Amino acid sequence: MKPYPFTAVVGLPDLRLALVLSSISPAVGGVLVRGEKGTAKSTMVRALAGLLPRVDVVDGCRFSCDPSAPDPLCPDGPHDGAKSRRRPAKLVELPVGAAEDRVIGSLHLERALAEGVTDFQPGLLAAAHRGLLYVDEVNLLHDHLVDTLLDAAAMGRATVEREGVSVSHAARFVLIGTMNPEEGELRPQLLDRFGLTVEVASSRDPEQRVEVVRRRLAYEADPDAFAAQYAEEDGRLAADIEAAQRLLPAVKLPDEALRQIAEVCASFEVDGMRADIVTARTAVAHAAWSGRDEVTTDDVRVAARLALPHRRRRNPFDAPGISEEQLEQALQDAQPDPGPEDDGPGSGSTPPEAPEPPQGSENAPQGEPKPSGGQQKTVGAGDTFKARVFRVKGMGEGERGRRSRAITDSGRTIGVQPASVREGRPHLVATVKAAAPHQKARGRAGAGLKLRPEDVRYALREGREGNLVLFCVDASGSMGAKARMREVKSAVLSLLLDAYQRRDKVGLVTFRGNAAELALPPTISVDAAASRLEGLLTGGRTPLAEGLLEAARVLRVEEIRDPRRRPLLVVVTDGRATSGPDAVARAQAAAGLLNGVTTIVMDCESGKMRLGLAADLAAHLGAEHVPLADVAAESLAGAVRARTGRAA
């Protein structure tokens, strides 16, 4: 079945343009596509492969070497006098659950030990060389794999090092990642490594939505006939991309354009110099796409809209985007006497088949939730701070992260897996020891070992895992004092920021009045948790028992859904229980259901006369009792310094 035609996709001009520019100049650094589910992100990426020019490769080379300039370090080389063939550019899809060896390749340990040869099995990076590498849900990919992909995309090479053996090969590809921000964000360091970013959203225009459905149904009814309708249009677009690729080396980047780029990047206070470099490369690619041999203000404007929005994020709670007014002011400041072609957005020329230039970010930052009803009120948070690190007790085997100790497939080697375990990274010494006693029986003669698959042993490694951090927050009237609630929200937001950095899953339970509710089901989207916390209503009595019972229920359900992820419960309360009969006794009974769960009780009680109820609750939970003022890492460091000073 033929893929959905690229030119048949309705709307999405920003995404269309970003994909085309990255195809013209892979040095731009790829595209990150952010948007809600069902917005044709994957459809457009898969359709793009059919527009790329065919490539000449060395016949029989597993690494797609260019016959005119073969990689001198190619593991299949040298290629002197080798035959060549022409094939379409490849689209390689990387599954979210792919292992590291599947991505970068692996060495055949048995042949290395037995025969002394380096037998390298190429991975997905080799398959994507001179083509497209597509990662759907890139925000769900392990951080170390994302780092590997982005390093290869930036350097144009992939290197595999195993047990003292190193293999390197060319890996130049257009990296395209798609993600739904509701499922969690990429770290800012990783966001910055993507060249361009595009926000996509489904159209709210009924006529356009009707056309989307009409075309999709027609494609599903007869894919070949539908693709034939757009074959000519796709062909013209492919020819334009190839022409722009030929023109690209001849495009000039004058000093005036460079000053504009520098002024824009400085105006938006982006970190580092990558933004300037990517913006310059994108502007050159846009000039080539527009058929010009010199970069103009319009090219810089388009490039900035695509290259800067994701680089303005200072923390995960910031929404991406740039101000159109600020962009225009920066362009004017760099060019005091603009020519007639620089009067404003959209003044440049675009070829007939070119995607329309971006019209600005369609997704404005979400406003804060508004309070509703009665005496309920919301209080804003203060500034965040570096929080103490709370860890789950014991050793886990959960998803890779940065919080608690765990057995993982990376990290420091602490031993050898049992012989029955047949996955992971081989342990060289243990493998040799397992094979050594059998060499005589196997008739070994001379150098090398006679290995069998059952001899291979795998390393036991200790790393860090991400956990489920469930916040159970008291939102009753006793917590509603303005100054106290601001401090509470600041502390919880700081812990959320810490959870984001440690790749945790987070959830939010709140309780007030006479009931508790799951304000946010467990998710990796900490910015969603921050948004719910920011709009938290306070008031009424304190149903502490109901809050603990709801937390226990959420943890039971999550244990079934995600059994490998161990929980950390953070109860934020002053310890009072005032809702319903026998409120204190019921709260203590509910605490008994949480025995065995690593729990932190964040004590929010304040004032000179303190009842110590939160400390009593911590005792019933078997939890660590942490006063609100001690959540900050600096507070802990100060206490340690003070205690050390007294001891001295």
Side-chain angles (χ1 to χ4, degrees), residues 13-14 16-31 154 192-198 240-241 243-312 320-361:
D14 291 5
R16 196 183 303 263
L17 180 61
L19 293 176
V20 166
L21 295 182
S22 290
S23 301
I24 294 170
S25 177
V28 164
V31 184
D192 182 57
R193 300 291 292 278
F194 276 96
L196 311 179
T197 187
V198 178
D240 289 338
I241 291 175
Q245 289 177 335
R246 291 195 299 268
L247 178 59
L248 185 69
V251 176
K252 299 177 182 177
L253 182 64
D255 289 344
E256 292 79 2
L258 275 174
R259 279 194 293 271
Q260 286 183 319
I261 292 169
E263 184 72 39
V264 168
C265 293
S267 173
F268 285 107
E269 299 180 350
V270 295
D271 295 331
M273 295 299 298
R274 185 175 283 115
D276 303 63
I277 295 170
V278 171
T279 304
R281 289 172 174 168
T282 308
V284 170
H286 188 263
W289 173 241
S290 302
R292 294 189 293 270
D293 60 3
E294 185 170 293
V295 172
T296 67
T297 298
D298 185 56
D299 300 318
V300 176
R301 179 183 293 113
V302 170
R305 286 173 176 153
L306 295 173
L308 299 186
H310 59 303
R311 293 185 164 87
R312 300 203 62 218
I322 61 174
S323 164
E324 288 289 330
E325 293 77 7
Q326 188 177 352
L327 173 58
E328 292 305 318
Q329 184 61 51
L331 290 172
Q332 291 179 16
D333 290 344
Q335 192 177 31
D337 300 314
E341 66 176 5
D342 299 328
D343 293 334
S347 58
S349 60
T350 306
E353 291 80 25
E356 298 177 8
Q359 300 301 316
S361 175

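Since the model is a prediction, treat every value here as computed from it, not as a measurement.
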S.K.: When you measure from the side chain of Ser267 to the backbone of Glu263, do you find a donor-acceptor pair of N or O atoms at a distance under 3.5 Å?
M.R.: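 Here the side-chain-to-backbone pair does not exist.
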S.K.: Going by side-chain contact (heavy atoms from CB on, under 4.5 Å), Val28 matches just one of Leu306, Leu196, Leu21, Val284. Which one?
M.R.: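 Going through the options one by one, the only one that passes is Leu196.
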S.K.: Out of curiosity, Leu248 CG to Asp293 CG, how far, rounded to the nearest 0.5 Å?
M.R.: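 The CG atom of Leu248 sits 12.0 Å away from the CG atom of Asp293.
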S.K.: So which heavy atom on Val264 is nearest to which on Ala304, and how close?
M.R.: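 Heavy atoms of Val264 and Ala304 come nearest at CG1-CB, 4.0 Å.
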S.K.: Given Thr279 and Asp276, is the side chain to side chain donor-acceptor pair (under 3.5 Å) satisfied, shown in steps?
M.R.: CA-CA 5 Å; Thr279 304; Asp276 303 63; over 6 Å; no
S.K.: Looking only at non-hydrogen atoms, find the nearest pair between Ala283 and Asp299 and report the distance.
M.R.: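 Heavy atoms only, the tightest pair is O-CB, 3.6 Å.
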S.K.: Closest approach of Arg311 and Ala275, non-hydrogen atoms and distance?
M.R.: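 Residues Arg311 and Ala275, closest heavy atoms: CD-CB, 3.5 Å.
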S.K.: Do the side chain of Gln245 and the main chain of Ser23 share a donor and acceptor less than 3.5 angstrom apart?
M.R.: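 Yes; at least one donor-acceptor contact below 3.5 Å.
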S.K.: Looking only at non-hydrogen atoms, find the nearest pair between Pro254 and Lys252 and report the distance.
M.R.: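 So the minimum-distance heavy-atom pair works out to CD-O, 3.4 Å.
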S.K.: Report the C-alpha separation of Trp289 and Leu247 in whole Å, then their side-chain angles, then the decisive distance to 0.1 Å, and conclude whether the side chain to side chain contact (heavy atoms under 4.5 Å, CB included) test is met.
M.R.: CA-CA 8 Å; Trp289 173 241; Leu247 178 59; over 6 Å; no
S.K.: Nearest heavy-atom pair of Arg292 and Val251: which atoms, and what distance?
M.R.: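 Heavy atoms only, the tightest pair is O-CG2, 3.6 Å.
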S.K.: So, for Val278 and Ala307, which heavy atoms are closest and what is the spacing to 0.1 Å?
M.R.: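 Result for this residue pair: CG1-CB, 3.9 Å.
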S.K.: Under the criterion side chain to side chain contact (heavy atoms under 4.5 Å, CB included), I'd like the reasoning laid out for Arg301 against Arg305: C-alpha separation, chi angles, the key distance, then a yes or no.
M.R.: CA-CA 6 Å; Arg301 179 183 293 113; Arg305 286 173 176 153; 3.5 Å; yes
